[in-house]
2 protein chains.
Amino acid sequence: MTASPPDSTPDPHMSDALPPCEQHVRQYAAVRNAHETELLEDYVELIGDLLKYQGEARSADIAARMGVSQATVSKTVTRLKSQGLVDSQPYRSLFLTEKGEAMAEMARKRHAIVLQFLRTLGVSDSTARIDAEGMEHHVSRETLEAMERFTREHCRG
Amino acid sequence: MTASPPDSTPDPHMSDALPPCEQHVRQYAAVRNAHETELLEDYVELIGDLLKYQGEARSADIAARMGVSQATVSKTVTRLKSQGLVDSQPYRSLFLTEKGEAMAEMARKRHAIVLQFLRTLGVSDSTARIDAEGMEHHVSRETLEAMERFTREHCRG
DNA sequence: GAAAAAAGTTAGCCAAGGCTAAGACATTGT
DNA sequence: ACAATGTCTTAGCCTTGGCTAACTTTTTTC
């Protein structure tokens, strides 16, 4: 038996019950979707930062900062190139295509907003950095705007 | 040449520059780590909810809610069982072990806090649901407490 | 109670993202 | 200039998390 599902109850106050199925599917799909681009965004963002602060972006630096092997970086860079985000000559520094630049800029901004928001909320710097890194890929435009608004209104300085 | 790295500058105001390497590694490691448990947490959380609101948790329901095939659910459930989170007989409903129950409870609470926090921030319900689903796995205890505090202080009702 | 439908499983495929080991290329030092 | 060192790539392996197709078991329906 199906235990008489208390189904089809679009009660606006039942906020903690199961959402309707199609909505639930959309939620999980959004998460899976974010996962696909997450890593590439992290790479592109890091490459952008390295170019900006160190003048060049070497695979070795990326491997050191990401905490993964150089082989892993090499493989991922191949994917980045195949997606038209990065350009490079073998054994040379990496650089970003226009598309990669745009993605890096977007990621950089978003990261900064989330990080500043968490700090303003009262989270310590080191925790804020860790959480921002994980959260940033799952923050929609709408939430990002809410965070910006909050930071603007509450930030001392 | 290494473009004269502006290294070893622990300036507290350089908050947007590259963090020191070891800290950077820890950030990325935390994200990778979260990824490993994320899916299992989602399953356990959903199974808990299904048990609570529908009386039983069938693979078909999970597949429908997650938007994946039954085969995928079956495979993942095998993993959940091997990790001691779920118990089940073949062709029968799933249930949670004590360990699974504890994880579900934790995830449920965390999810609720994040969701309510986003709503209180002024994010619309449907967006809040999507973002909460993605964000929840990357929110530390400290940030969770900050969110609770904020919600307590700002929530109408 | 047997046929049809639904639910669950298994096998085999694929891509992503890790790893190690081995080799190719580049830079540096003497 | 060439050997040592460091950087990058390739090959091959593993696990995770998707899929389809084919099969088994359970449930429903007539």
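Naming convention: chains lettered A, B, ... in sequence-line order (proteins, then strands); numbering from 1 in each chain.
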Please tabulate, one pair per line, each protein N/O and nucleotide N/O from nucleotides 18-20 of chain D that are separated by under 3.5 Å, including the distance.
{"from": "D/dG18", "atom 1": "O6", "to": "B/Lys75", "atom 2": "NZ", "distance (Å)": "2.5"}
{"from": "D/dC19", "atom 1": "OP2", "to": "B/Ser69", "atom 2": "N", "distance (Å)": "2.9"}
{"from": "D/dC19", "atom 1": "OP2", "to": "B/Ser69", "atom 2": "OG", "distance (Å)": "3.1"}
{"from": "D/dC19", "atom 1": "OP2", "to": "B/Thr72", "atom 2": "OG1", "distance (Å)": "2.7"}

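- Nearer the 5' end of DNA chain C, as judged by each residue's closest nucleotide, is the contact made by B/Ala60, out of B/Ala60 and A/Gln83.
- Rounded to an integer number of Å, the gap from CD1 of B/Ile62 to C1' of C/dA7 is 12 Å.
- Distance, B/Tyr91 OH to D/dT24 P: 9 Å, rounded to whole Å.
- Using a 3.5 Å distance cut-off with no hydrogens or angles, the side chains of B/His111 and B/Glu136 do pair a donor with an acceptor.
- The distance from atom CZ of A/Arg92 to atom C1' of D/dC8 is 11 Å, rounded to the nearest whole Å.
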Return a table of donor-acceptor pairs under 3.5 angstrom between the side chains of residues 71-78 of chain B and protein atoms on other chains or two or more places apart.
{"from": "B/Thr72", "atom 1": "OG1", "to": "B/Ser69", "atom 2": "OG", "distance (Å)": "3.1"}
{"from": "B/Thr76", "atom 1": "OG1", "to": "B/Thr72", "atom 2": "O", "distance (Å)": "2.9"}
{"from": "B/Thr78", "atom 1": "OG1", "to": "B/Ser74", "atom 2": "O", "distance (Å)": "3.1"}

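- When the C1' atom of C/dG18 is taken as reference, atom CD of B/Glu36 falls 10 Å away, rounded to whole Å.
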Worksheet item: Can you list the steps and then say if B/Arg65 with B/Asp61 is a salt bridge (Lys or Arg N to Asp or Glu O under 4.0 Å)?
Response: CA-CA 6 Å; B/Arg65 297 232 161 229; B/Asp61 294 347; over 6 Å; no
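- Nearest-nucleotide positions on DNA chain D for A/Val73 and B/Pro90 put A/Val73 closer to the 5' end.
- Side chain of A/His154 to backbone of A/Phe150: a donor-acceptor contact under 3.5 angstrom is found.
- What separates CG of A/Leu94 from P of D/dC8 is a distance of 8 Å, to the nearest Å.
- In this structure, a donor-acceptor pair under 3.5 Å is absent between the side chains of B/Ser126 and A/Gln23.
- Although no hydrogens or angles enter the test, the distance criterion places a donor-acceptor pair under 3.5 Å between the side chain of B/Glu142 and the main chain of A/Ser124.
- Every pair passing side-chain hydrogen bond (donor to acceptor under 3.5 Å, both in side chains) that includes a residue from residues 87-103 of chain B is listed here, sequence neighbours excluded: B/Lys81-B/Ser88.
- Rounding to whole angstrom units, CG of residue B/Asn33 and P of D/dT15 are separated by 19 Å.
- Residue pairs meeting the ring pair (Phe, Tyr, Trp, His ring centres under 6.0 Å) criterion with at least one member in residues 19-42 of chain A, sequence neighbours excluded: A/His24-A/Tyr28, A/His35-A/His138, A/His35-B/His35.
- Applying the salt bridge (charged side-chain N to carboxylate O under 4.0 Å, His left out) criterion to B/Glu105, with sequence neighbours excluded, gives B/Arg108.
- Rounded to whole angstrom, the span from the CD atom of B/Glu56 across to the C1' atom of D/dT26 amounts to 13 Å.
- Rounded to whole Å, the distance from CG on B/Leu50 to P on C/dA7 is 14 Å.
- Residue B/Ser59 is classed as a sugar-phosphate contact, given heavy-atom separations below 4.0 Å to backbone atoms only.
- Between B/Arg58 and C/dG8 there is a side-chain N or O to OP1 or OP2 distance below 4.0 Å.
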Name the pairs: protein N/O against N/O of nucleotides 1-3 of chain C, kept only if under 3.5 Å.
none

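- Sequence order on DNA chain C of the closest nucleotides to B/Ser93 and A/His35 puts B/Ser93 first from the 5' end.
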